[in-house]
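A quick write-up on the structure given underneath.
Chain A is the first sequence line, chain B the second, and so forth, proteins listed ahead of strands; every chain is numbered from 1. Computed from a predicted structure; not experimentally measured.
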Number of protein chains: 2
Amino acid sequence: MRITKRAEYALRALLFLAQSPPGRLVPIGEIAERENIPADFLEQILLALRRADLLSSRRGIGGGYKLSRAADAIHIGEAMRALEEPLAPVPCTAERSREKCTCPDPRTCPLRAAMQEVADQAALLLDRMTLADAVARSRPEARVSFDI
Amino acid sequence: MRITKRAEYALRALLFLAQSPPGRLVPIGEIAERENIPADFLEQILLALRRADLLSSRRGIGGGYKLSRAADAIHIGEAMRALEEPLAPVPCTAERSREKCTCPDPRTCPLRAAMQEVADQAALLLDRMTLADAVARSRPEARVSFDI
DNA sequence: GGGGTGTTGCCAGCGCGGGCGCAACCCGCC
DNA sequence: GGCGGGTTGCGCCCGCGCTGGCAACACCCC
């Protein structure tokens, strides 16, 4: 039940940009280095995100990428859908396209029954959570920073 | 966030056996045909399940596979772990082996923070649900069978 | 202020490796 | 001897990552 590397890198990049100063343009190389992502591969991923209107970019010196919206207005689930990353563990449980299901009868498929709940919960969670939420959640030390 | 074909086929086979009369030995060919699974590939999957003591088998005429335990004593999550199918969306969120994480600092990784909850919920759900549960859940028509 | 130059994003295509599926053969049981 | 599981090995395909060339933008220099 893994997401693809492509989706993982995309989310890492989005979350990195969410942690940068809002308007700042961040070049690919910086994201790649800080997040340990192969730069050339990251390029085409960011391009896809730009085409999905999640990022905007500028070329040349001082160029780079930035979020096209505020970090609290971009949902994790939305990003994954933009990447055509399936949220469903098995094709049966896909929400929209009713993908071809290998089981003889989808209505009585026990695997579908088992996985549907997992898929629903994951989709609900990921569609509610924004980039800003994830960043905030990753910083428990903000509360205990006085202890250090 | 898909499970591998290998895991999908394994679960289909287990659930098919869970729907068969408890002690009956079911040959590979029958499972493959009914569940639309390539028979030769299914073979090595069932072998792995046998080695994990989830199935038992007998060769020769009248041979085949059966569950080594009752259907309500085998959990979906248990089967997936036996197949070395990761339950975690990203390596960071893996429970046991603390796999190598590509992020610079796992403690402050926003992706990990975002996915941890998804992983936990999925693991909880799959570790509670037995094969028997999934089969029962796939039969809402048991209630409306009188309508037909 | 116009062209040169370097920086950075934009785009197409290719090669590797592992998951997936297939085939052939061996071995135990009736 | 035949049925059916056990085992090994190979070919295909797709995710992954890389390469190379192109286009825009900023800056500099004359």
Side-chain angles (χ1 to χ4, degrees), chain A residues 1-13 16-17 20 24-33 35-68 80 83-86 89-91 99-100 102, chain B residues 1-13 17 24-68 80 83-86 89-91 100 102:
Chain A
M1 215 166 57
R2 285 276 162 85
I3 64 175
T4 61
K5 280 293 178 187
R6 177 181 164 88
E8 179 185 333
Y9 292 158
L11 291 176
R12 285 194 194 285
F16 182 81
L17 290 174
S20 303
R24 186 187 162 222
L25 287 167
V26 184
I28 288 184
E30 182 177 342
I31 305 175
E33 185 184 1
E35 294 290 336
N36 290 325
I37 302 173
D40 314 284
F41 189 28
L42 181 58
E43 218 175 271
Q44 66 193 54
I45 295 172
L46 294 189
L47 189 59
L49 291 174
R50 194 185 68 84
R51 288 180 177 150
D53 280 326
L54 291 177
L55 296 181
S56 61
S57 63
R58 219 181 57 195
R59 297 200 254 196
I61 293 179
Y65 285 92
K66 67 181 183 70
L67 298 180
S68 63
M80 292 180 67
L83 293 162
E84 298 183 12
E85 175 78 4
V90 287
E99 304 181 46
K100 54 177 180 181
T102 59
Chain B
M1 215 165 56
R2 285 276 162 86
I3 65 176
T4 61
K5 281 293 178 186
R6 177 183 165 86
E8 179 184 333
Y9 292 159
L11 291 176
R12 284 195 194 286
L17 290 174
R24 186 189 162 221
L25 287 168
V26 184
I28 288 185
E30 181 176 344
I31 305 175
E33 185 184 2
R34 296 285 300 277
E35 294 290 336
N36 289 326
I37 302 174
D40 313 285
F41 189 29
L42 180 60
E43 225 174 84
Q44 65 193 56
I45 295 172
L46 294 189
L47 189 59
L49 291 175
R50 193 184 67 84
R51 288 181 177 149
D53 280 326
L54 292 176
L55 296 181
S56 61
S57 63
R58 220 182 57 194
R59 296 201 253 194
I61 293 178
Y65 284 93
K66 68 181 182 68
L67 299 180
S68 64
M80 292 180 67
L83 293 162
E84 297 184 14
E85 175 77 5
V90 288
K100 54 177 181 182
T102 59

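Within the nucleic acid shown, B:I28 comes within 4.0 Å of sugar-phosphate atoms alone, with no base atom in reach, counting heavy atoms only. Within 4.0 Å (heavy atoms only), A:G29 reaches no atom of the nucleic acid at all.
A heavy-atom distance below 4.5 Å is found between the side chains of A:L46 and A:I31. Inter-residue side-chain proximity for A:P89 and B:E8 is flagged as unmet; no heavy-atom pair is nearer than 4.5 Å. Using a 4.5 Å heavy-atom threshold, the side chains of A:L54 and A:L67 count as separate.
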For nucleotides 14-20 of chain D, read 5' to 3', which letter fits each nucleotide if B means a protein heavy atom sits under 4.0 Å from the base, S means only the sugar-phosphate is that close, and - means neither? --SBBB-
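Residue A:K5 holds its NZ atom at 7.5 Å from CZ of A:R12, rounded to the nearest 0.5 Å. Separating the CG atom in B:L25 from the CD1 atom in B:I61 is a distance of 13.5 Å, to the nearest 0.5 Å. To the nearest 0.5 Å, the span separating OG on A:S57 from CG on A:L49 amounts to 11.0 Å.
What separates NZ of A:K66 from P of C:dG9 is a distance of 14 Å, to the nearest Å. In this structure, CG of B:L25 is placed 18 Å from P of D:dC3, rounded to the nearest angstrom. If you measure from atom CG of B:L42 to atom P of C:dC22, you get 11 Å, rounded to the nearest angstrom. Note: CD1 (A:I31) to P (C:dT8) measures 13 Å, nearest angstrom. The distance from atom CG of B:L46 to atom P of D:dG5 is 9 Å, rounded to the nearest whole Å. Taking atom CD1 on B:I37 and atom P on C:dC22, their separation rounds to 12 Å, with Å as the unit. Summarising the geometry, the separation between CD1 on B:I45 and P on D:dG5 is reported as 15 Å, rounded to the nearest angstrom. Whole-Å rounding puts the A:R2 CZ to C:dG18 C1' distance at 15 Å.
Residue B:R58 places no side-chain N or O under 4.0 Å from the OP1 or OP2 atom of D:dG5. Between A:S57 and the phosphate of C:dT8, there is no side-chain N or O to OP1/OP2 separation shorter than 4.0 Å. In terms of phosphate contacts, A:R51 brings a side-chain nitrogen or oxygen within less than 4.0 Å of OP1 or OP2 of C:dC11.
If B:R59 and A:G60 are placed on DNA chain C by their nearest nucleotide, the residue sitting closer to the 5' end is A:G60.
Between B:R24 and B:K66, the shortest heavy-atom contact is O-CB, 3.5 Å.
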